[in-house]
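Take a look at the structure set out below.
Lettering of chains follows the sequences in order, A, B, ..., and the numbering in each one begins at 1.
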There are 2 protein chains.
Amino acid sequence: MNNLDESLLTPLALFSKLDRAQIRTILDLATPCRFDLGATVFEEGQEAEFFYLLLDGYVRVVRLTPEGDQVIALHIPSGHLFGIAAALGHTTYPATSVAAAECVCLSWPMKLLQEFLTTYEGLSTGVYGAVGQRVEDMNNRILELATQQVEQRVANALLRLVQQTGHKTDEGIEIGFPITRQDISEMTGSTLHTVSRLLSAWEREGTIKSTRKKIVVTDPHKLVRHST
Amino acid sequence: MNNLDESLLTPLALFSKLDRAQIRTILDLATPCRFDLGATVFEEGQEAEFFYLLLDGYVRVVRLTPEGDQVIALHIPSGHLFGIAAALGHTTYPATSVAAAECVCLSWPMKLLQEFLTTYEGLSTGVYGAVGQRVEDMNNRILELATQQVEQRVANALLRLVQQTGHKTDEGIEIGFPITRQDISEMTGSTLHTVSRLLSAWEREGTIKSTRKKIVVTDPHKLVRHST
DNA sequence: CGTGCTCTTGAGTGAAATCAACACATGTGG
DNA sequence: CCACATGTGTTGATTTCACTCAAGAGCACG
């Protein structure tokens, strides 16, 4: 029996339909864990032993091609589940997960997932809703990759990052975790050179400010114009 | 009460865990329907009223960008469910579905989907397994679009079509429904001109044979070489 | 027997990758 | 504390892949 506080879960939309006792039960089965920036939570193809709830930080989901190119599939913000492969019939993880910032998580053995979903009616709606959200994101990503130019894709990627992870500073909205040109190129199917050129141009025209691993969007409206 | 024969569903993996009585019940709630080649089953954004089981034919799932570009997300082969938006928390269809060949379907009111999933334990595994399969496909598609050249993407698209819909003829394996260069370009984020050039080149080297709306792969191995 | 679709092919162009070189920051170990 | 390696970012020059533009040929259907 661990002593995790119920207030960890009660504010999360995912658990909003559960009562205190149910949350207590779930919490008592959880194992807390921490990951340093850059640490790997699990790798593509591994037996899917655990699923996770991200309490704080950001997790980056990446895939690797046989040729060695890396593609960033999505970023998970705190409060969301990840590694829920088994809910969709997988027994191995379909992608690698890496901590994009210091991360605090809870984990449960994968076999509990099916149990949770059937036992706690309210949970499955939320879980499958989240899956649906990700499917939609992926769909939009495909649309973008198939029809848009690199400039638009990079602008869209930044806008999404700002929207999902941004926090206000006195200069504008800053992306919530360290991110490199290389990372952005892997999110957009591009190269770090092209991304660097674009960001330089945008910095010159006053749309963003950027230092090493940090990007602040000062004029989101201009970015939106670049995105269409 | 309609008189649909139970043998429509019994061979399908999706229903393999249900007994005769359960299949009878489900079947009695179904409405059969037919779609001509090119007919629209439902459109993106519409209220999701029904979900469908494709008994025969092929359904093409397409999305439209604000700029009017069309992208083909995937093809549904017979025996599979489609329009199951509600299982992932959507109330509207996330994409448009068009008959890529003559289609025969069964349809059910969407509100029955939740009911079926909770009532028939064995069904939900299959349904979510299918969703997982599609998520994986989409993921691979993203990887392809982000890292591969047009030639490789077209080769992969053809291989997938052959695998999923192909049937043997005396010349090779033929794709199971009429398909144009334009269609292939919309599957690969390319243009009909580039696809035409590639197919011409492959025909010259003896990899495929193609006439209007028809493609026969005569040498799959060569195609595999073009795909990597 | 014209009127759309579908497909082909050539020529020119352009967006973004590649190639190449350097600048700057960060952290490490001697 | 400095020397050095490493990771990150910038920018120019060159190249190439695939798109755009353009024209025409073949087929299918009313």
Side-chain angles (χ1 to χ4, degrees), chain A residues 36-38 65 67-72 98 100 144-158 175 177-205 207-216 226-228, chain B residues 36-38 65 67-72 98 100 144-158 175 177-205 207-216 226-228:
Chain A
D36 286 331
L37 193 154
T65 67
E67 291 78 38
D69 299 304
Q70 191 167 273
V71 174
I72 297 178
V98 174
E144 256 183 55
L145 283 167
T147 65
Q148 297 191 320
Q149 317 250 95
V150 169
E151 180 177 27
Q152 305 173 314
R153 302 206 301 266
V154 172
N156 276 313
L158 282 191
I175 291 175
F177 54 86
I179 186 161
T180 67
R181 312 296 192 242
Q182 174 81 39
D183 291 334
I184 296 175
S185 74
E186 286 171 4
M187 299 175 61
T188 54
S190 168
T191 62
L192 78 152
H193 307 280
T194 302
V195 172
S196 176
R197 279 182 237 276
L198 285 170
L199 295 192
S200 295
W202 292 345
E203 179 138 25
R204 257 176 261 128
E205 68 176 34
T207 308
I208 64 166
K209 290 203 174 219
S210 173
T211 58
R212 172 170 267 252
K213 293 195 183 189
K214 191 181 123 182
I215 299 176
V216 180
H226 286 298
S227 76
T228 49
Chain B
D36 286 330
L37 192 156
T65 67
E67 292 79 35
D69 300 304
Q70 192 168 274
V71 175
I72 297 177
V98 174
E144 257 184 52
L145 283 167
T147 64
Q148 298 191 318
Q149 317 251 93
V150 170
E151 180 177 25
Q152 306 173 314
R153 303 206 301 266
V154 172
N156 276 312
L158 282 192
I175 291 175
F177 53 86
I179 187 161
T180 66
R181 314 296 193 243
Q182 174 78 39
D183 291 333
I184 296 175
S185 75
E186 286 172 5
M187 298 176 62
T188 54
S190 169
T191 61
L192 79 152
H193 306 280
T194 302
V195 172
S196 176
R197 278 182 237 275
L198 286 170
L199 295 193
S200 295
W202 292 345
E203 180 138 24
R204 257 176 261 129
E205 68 176 33
T207 308
I208 63 166
K209 289 205 175 218
S210 175
T211 58
R212 176 169 263 251
K213 293 196 183 187
K214 190 181 123 181
I215 300 177
V216 181
H226 286 298
S227 76
T228 49

Open item on the list: Check whether A:T188 reaches the backbone of A:I184 with its side chain - one donor and one acceptor, N or O, closer than 3.5 Å.
Closed with: yes
TODO: Please answer whether the main-chain N or O of A:Q148 pairs with a side-chain N or O of A:R153 as donor and acceptor at a distance below 3.5 Å.
DONE: yes
- [ ] Specify the residue among A:R212 and A:T191 whose closest nucleotide of DNA chain C lies further upstream toward the 5′ end.
- [x] A:T191
Report the distance from atom [atom1] of [X] to atom [atom2] of [N], rounded to the nearest whole Å.
{"X": "B:Q149", "N": "C:dA15", "atom1": "CD", "atom2": "P", "answer": "18 Å"}
{"X": "A:I179", "N": "D:dG7", "atom1": "CD1", "atom2": "C1'", "answer": "16 Å"}
{"X": "A:I184", "N": "D:dT10", "atom1": "CD1", "atom2": "P", "answer": "10 Å"}
{"X": "B:Q182", "N": "C:dT6", "atom1": "CD", "atom2": "C1'", "answer": "10 Å"}
{"X": "A:E151", "N": "C:dG14", "atom1": "CD", "atom2": "C1'", "answer": "14 Å"}
{"X": "A:L199", "N": "D:dT10", "atom1": "CG", "atom2": "C1'", "answer": "11 Å"}
{"X": "B:E203", "N": "C:dC7", "atom1": "CD", "atom2": "C1'", "answer": "11 Å"}
{"X": "B:R204", "N": "C:dT9", "atom1": "CZ", "atom2": "C1'", "answer": "9 Å"}

TODO: For B:S196, answer base if it contacts any base atom (sugar-phosphate contacts may also be present), sugar-phosphate if it contacts only those atoms, and nothing otherwise; contact means non-hydrogen atoms under 4.0 Å.
DONE: base
- [ ] Identify whether any heavy atom of B:S210 sits under 4.0 Å from a base atom; if not, whether one sits that close to sugar-phosphate; answer base, sugar-phosphate or nothing.
- [x] nothing
Open item on the list: Looking at D:dC19, I'd like to know if its phosphate oxygens (OP1 or OP2) sit under 4.0 Å from a side-chain N or O belonging to B:S190.
Closed with: yes
Task: OP1 or OP2 of D:dC19 under 4.0 Å from side-chain N/O of B:T194 - done: yes
Task: Residue pair B:E205 / B:T207, side-chain donor-acceptor N/O under 3.5 Å - done: yes
- [ ] Would you please say whether a donor-acceptor pair under 3.5 Å links the side chains of B:R181 and B:S210?
- [x] yes
Open item on the list: Nearest 0.5 angstrom please: B:T65 OG1 to B:Q70 CD, how far?
Closed with: 9.5 Å
TODO: Mark yes or no for a side-chain to base donor-acceptor pair under 3.5 Å between B:R197 and D:dT20, with no hydrogen or angle criteria applied.
DONE: yes
Task: Distance-only donor-acceptor test (3.5 Å): side chain A:H193, base D:dT11 - done: yes
